[in-house]
Amino acid sequence: MAEVETKVSSLFINGEWQDSDSGKTEAVVNPANLETIIEVAYGGKQETERAIEAAKAAFVEWSEMSPRKRSRILYKAHQLIYDHLDRLAEILTMEQGKPFKEARGEVKSAANFLLWYAEEANRIYGEWMPSSQTQKRILVVPQPVGVVGAITPWNFPSSMITRKIGPALAAGCTVVLKPAPETPLSAIELVKLFEQAGLPKGVLNLVTGDAEEIGQALLQNKDVRLITFTGSTEVGKYLMRESAQHVKKLSLELGGHAPVIVFEDADLDVAAKLTLASKYRNAGQTCICANRVYVHESVQEKFSQKLLEHIQSLKVGEGLDPNTDIGPLINEQAVSKVESHLNDAVKQGAEVVYGGAKWEGELNGYFFSPTIVKNVTKAMAVMNEETFGPLLPLQTFQDEAEVIAEANDTDYGLAAYIFSENLDRSLRVMEKLEYGIVGVNDVFPATAEAPFGGVKQSGVGKEGGHHGIHEFVEQKYVSIGMH
Ligand code: ADP
């Protein structure tokens with residue numbers, strides 16, 4: 001019988017798979033059954049420094065390579081992801097918990113970022129502009145930023161990686177990648193496919209292990225010119241502060257607190273279905289999940305009924321079960337946070353209309369029942385803090401100006417959603433919402449071809465679209481005198 005692997009050499013530095021210097025490892029746990037899937041290397045400062053060195057050395061050749069050649073490698077990696085779609089999705093579900101069909105969707109979207117940036121690699125244009133002085137010429141030359149430190153979260157273990165390294169590699173940058181400790185396996189698989197696609201050694205390095213130490217090593221090294229991060233606002237602020245030391249460039253995708261506004265002229269069936277789809281996707285663990293719902297008081301009853309009709313069919317369970325719609329949360333703290341938001345709301349007078357407790361099933365994982373509460377008020381934590389779980393609060397409103405003010409009354413500014421069949425109103429409200437992304441009768445805005453990113457404390461910079469590559473490009477201005 002083949003031996004079952006219990007440990008994987010998860011550090012990929014200068015083209016070689018390695019263990020940590022100390023030999024320490026860390027368990028990757030399946031949140032649906034709390035079993036250890038495998039142990040990965042627990043790296044830190046030294047390993048990160050070596051990875052940065054490798055990335056710096058590889059930068060020379062990679063940045064000078066023709067974009068066409070870089071593009072081909074990205075395209076090959078995109079194809080390889082599709083070739084291994086089901087296996088990658090299964091690994092993703094095991095380490096992260098999301099239903100297999102969602103994991104498959106994520107892996108496809110991860111591949112699509114590589115396709116998109118394989119194409120964009122060839123379109124990083126410079127400029128030649130008229131000078132105010134006839135004896136001068138002005139040239140703007142795009143050049144890759146340099147070594148990039150990429151720190152990624154556990155909620156999208158695959159697509160958040162390619163959304164960063166796709167444009168970075170396309171632009172000619174080299175990368176040190178630090179995935180979330182909860183979900184390193186998807187990262188390992190992706191790096192292996194890049195290796196197979198022919199990426200030269202040192203261009204992409206992977207360091208798993210001590211987040212703080214790896215983070216510090218990236219921050220303290222002058223050669224890391226840009227930090228690209230997706231995660232909590234708290235860690236984002238820390239990275240921003242610490243980046244000041246060497247004035248690093250930053251691209252930050254941070255937390256959100258997405259409002260959903262259901263106007264009286266909305267198609268309530270569409271609004272109810274999509275609100276639930278947004279809220280319960282990844283068990284509520286996306287930064288653009290519906291976090292609070294404002295429904296016009298004249299349609300409140302009808303809208304609540306439709307939510308209740310549709311929510312009944314959502315099945316909680318293990319992600320690998322094909323009938324599952326809602327998987328487990330990532331860990332114990334995630335469950336406690338949902339519980340605390342729920343208890344706080346109920347204590348302050350909210351009424352539970354569906355669910356309302358940890359999921360009572362046979363499975364020994366971090367499950368929580370899909371829950372809806374109504375009669376919520378602004379004072380409740382759920383209306384101000386990111387819940388990151390399957391709790392949906394409903395509040396009513398009376399007029400447009402009031403609901404816009406409520407929606408904007410937050411430090412976050414990532415995604416907001418409007419449901420209305422009135423185009424004038426949709427455009428008017430969209431313009432007034434202080435958010436980086438607005439969905440009009442749509443709750444799935446993230447896609448390779450569009451610029452994803454927040455305003456206010458939800459982040460800086462864009463990922464996706466032609467915009468996403470500009471984060472990794474410096475514009476060198478050349479002033480030419482003619483004598
Ligand atoms: P969450 O609370 O959703 O886990 P975090 O912001 O803590 O979000 O995590 C997002 C990513 O940031 C993960 O890869 C995590 O390991 C990493 N991270 C957390 N703390 C630090 C830190 N001090 N320095 C660098 N990276 C960190």
Side-chain angles (χ1 to χ4, degrees), residues 10-11 26-29 31 40-45 47-49 51-52 95-98 148-165 175-188 190-191 205-221 224 226-246 248 250-257 282-289 291 328-338 340-341 366 385-389 412 414 454 457-460 463:
S10 58
L11 305 177
E26 186 174 34
V28 184
V29 175
V40 296
Y42 193 71
K45 183 168 186 262
E47 294 88 337
T48 310
E49 280 171 357
I52 297 168
E95 66 176 346
Q96 201 275 340
K98 70 177 62 174
V148 168
I151 304 177
T152 54
W154 49 262
N155 60 344
F156 287 94
S158 197
S159 61
M160 291 304 100
I161 291 178
T162 57
R163 197 162 82 170
K164 293 180 188 307
I165 68 176
V175 178
V176 176
L177 168 65
K178 190 212 90 59
E182 295 84 353
T183 57
L185 304 182
S186 296
I188 295 168
L190 286 175
V191 173
N205 304 272
L206 175 68
V207 187
T208 53
D210 186 328
E212 226 166 284
E213 262 199 37
I214 299 167
Q216 262 173 27
L218 291 171
L219 290 162
Q220 283 166 9
N221 193 311
V224 177
L226 180 147
I227 302 277
T228 170
F229 169 79
T230 297
S232 62
T233 295
E234 188 195 346
V235 174
K237 284 182 181 174
Y238 159 79
L239 295 172
M240 206 169 196
R241 275 195 306 274
E242 296 299 308
S243 287
Q245 195 189 348
H246 296 306
K248 289 189 198 303
L250 281 160
S251 169
L252 305 173
E253 296 294 341
L254 310 178
H257 200 267
N282 201 7
Q285 303 172 112
T286 91
C287 46
I288 59 166
C289 273
N291 215 111
L329 298 181
I330 192 72
N331 55 29
E332 189 72 53
Q333 294 95 288
V335 175
S336 304
K337 187 164 190 194
V338 182
S340 84
H341 278 191
Y366 302 119
E385 295 166 27
E386 210 174 13
T387 309
F388 239 60
Y412 291 114
L414 189 54
Q457 295 187 27
S458 286
V460 289
E463 291 189 337

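Just follow the structure's listing: the first ligand is 1, and inside any ligand the first atom is 1.
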Problem set entry | Pairing residues for F388 by the ring-ring contact (aromatic ring centres under 6.0 Å, His included) criterion, not counting sequence neighbours | W154

For this session: Kindly indicate, with the supporting measurements, whether the criterion side chain to side chain donor-acceptor pair (under 3.5 Å) is fulfilled by T48 and E213.
Result: CA-CA 9 Å; T48 310; E213 262 199 37; over 6 Å; no

Exercise. Sequence neighbours excluded, which residues qualify as side chain to side chain contact (heavy atoms under 4.5 Å, CB included) partners of N221?
Worked result: I52, D223, V224

Exercise. Under the 3.5 angstrom rule, does the side chain of E182 hit a backbone N or O of I330 as a donor-acceptor pair?
Worked result: no

Exercise. Got a sec, which pairs hit salt bridge (Lys or Arg N to Asp or Glu O under 4.0 Å) with one end in residues 155-164, sequence neighbours left out?
Worked result: R163-E463, K164-E463

For this session: Would you check ligand 1 and list the protein residues that come within less than 4.0 Å of it by any heavy atom, ordered by chain and number?
Result: I151, T152, W154, K178, P179, A180, P181, A211, E212, G215, F229, T230, G231, S232, V235, Y238

For this session: Determine, stepwise, if the pair Q457 / K237 fulfils side chain to side chain donor-acceptor pair (under 3.5 Å).
Result: CA-CA 9 Å; Q457 295 187 27; K237 284 182 181 174; 2.9 Å; yes

